[in-house]
Amino acid sequence: MDSFQIAIDGPAGSGKSSISKALANKLGFKYLDTGAMYRAVTLEALEKGINLENEKEYSFLQNFQLKFVNQRIHIRDVDVSKEIRMKRVTENVSLVSSLNVVRKKMVELQKQFALNCNCILDGRDIGTVVLPKAKLKIYLTADIEERAKRRIKESYKNESLENMINKIKIRDYKDSSRDNSPLIISENAMVIDTTYLTEKEVLEKILKEYNKRK
Ligand code: CDP
């Protein structure tokens, strides 16, 4: 049987990672959180103290030891799953991920991961660049206020709603307006607005579509 790849894209807080994980469990597919990879590169760049805007300073990517172990992300065998969610990483990740040198390397690793396997990848450019031939493409979205509320609930409990809305707006803008692989709705993607849907309802919609195409 041909392998079946699912691409899930969308802005921050649209529900990509929880839906992708649940879907991967349900279908027995492998799952790759590509946002975690860009966050790991950002963390490493910050730790190295390089000038984040200078592509030439990213030579460390040539031997960058990035690994997923049970859905936890490791740099040189150290689990950094918590560190990659820190504020300073979140605030710089859109800049780092807009660089060609970074995207080239990450997309190469993501394509390798997806080769000949049944898998789900989530991110911003999966349906457009990483897996343009994916059999199922989903674009998840939700109102900005709802997305900000979800973000506060899951990881930034002390943040005010207003601040979180502003931060997400800035990141959405940067991710959607960059030259290289901006966040856009892939041509043949199924768009799901998750604002008023439960996770179960979103999963049901995706599974229905999957069953039609498998
Ligand atoms: O989970 P959240 O929506 O906060 O974002 P993420 O999926 O962890 O991704 C963090 C950042 O990485 C995004 O804001 C993008 O700047 C970048 N990213 C990207 O450029 N391309 C991807 N395929 C995935 C993430």
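Numbering of ligands and ligand atoms starts at 1, following listing order.
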Nearest protein heavy-atom contact for [atom]: which residue, which atom, what distance?
atom	answer
atom 24 (C) of ligand 1	Thr34 OG1, 3.4 Å
atom 23 (N) of ligand 1	Asp125 OD1, 2.8 Å
atom 7 (O) of ligand 1	Arg124 NH1, 3.3 Å

Worksheet item: Would you call Glu108-Lys104 a salt bridge at under 4.0 Å N-O?
Response: no
Discussion item. Using a strict threshold of under 4.0 Å (side-chain N to carboxylate O), is an ion pair present between Lys149 and Glu145?
Written reply: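 Lys149 and Glu145: salt-bridged.
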If the contact criterion is a heavy-atom separation under 4.0 Å, does [X] count as touching ligand 1?
X	answer
Arg151	yes
Met37	no
Arg103	yes

[X] heavy atoms, cut-off 4.0 Å: which ligand 1 atoms fall inside?
X	value
Ser97	15 (C), 16 (O), 17 (C), 20 (O)
Lys16	3 (O)
Arg85	8 (O)
Asp175	13 (C), 14 (O), 15 (C), 16 (O)
Gly35	6 (P), 7 (O), 8 (O), 9 (O), 24 (C), 25 (C)
Arg39	2 (P), 4 (O), 5 (O), 6 (P), 8 (O), 10 (C)
Arg171	2 (P), 4 (O), 5 (O), 10 (C), 11 (C), 13 (C), 14 (O)

Worksheet item: Tell me, do Thr34 and Val130 make a side-chain contact under 4.5 Å, heavy atoms counted?
Response: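 Result no, sub-4.5 Å side-chain heavy-atom pair not found.
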Worksheet item: Mind checking whether Val96 and Tyr38 have side chains closer than 4.5 Å, heavy atoms only?
Response: no
Discussion item. Check for me whether Lys214 meets the cation-pi criterion with Phe4, that is, NZ or CZ under 6.0 Å from the six-membered ring centre and within 45 degrees of the ring axis.
Written reply: no
Worksheet item: Should the ring pair Phe60 and Phe64 be called parallel, tilted or perpendicular, given that the plane angle runs from 0 to 90° and is split at 30 and 60?
Response: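 Phe60 and Phe64: perpendicular rings.
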Discussion item. Can you tell me how the ring of Phe29 sits relative to the ring of Tyr210, calling it parallel under 30°, perpendicular over 60° and tilted otherwise?
Written reply: perpendicular
Worksheet item: Going by atom types alone, do Thr90 and Arg39 pair a side-chain donor with an acceptor below 3.5 Å?
Response: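 The answer is yes; a qualifying pair exists.
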Discussion item. Is a donor from one side chain sitting under 3.5 angstrom from an acceptor on the other, for Tyr31 and Asn25?
Written reply: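 No, because no side-chain N or O of Tyr31 sits under 3.5 Å from a partner of the opposite role on Asn25.
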Worksheet item: Heavy-atom contacts under 4.0 Å between Arg178 and ligand 1: side chain, backbone, both, or neither?
Response: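 Side chain only.
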Discussion item. Using heavy-atom distances only, which candidate in Val93, Asp33, Leu32, Leu99 approaches atom 12 (O) of ligand 1 most closely?
Written reply: Val93
Fill in: Test applied, side-chain hydrogen bond (donor to acceptor under 3.5 Å, both in side chains); reference residue, Thr194; option that passes from Arg147, Arg150, Glu146
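Running side-chain hydrogen bond (donor to acceptor under 3.5 Å, both in side chains) over Arg147, Arg150, Glu146 with Thr194 returns exactly one hit, Arg150.
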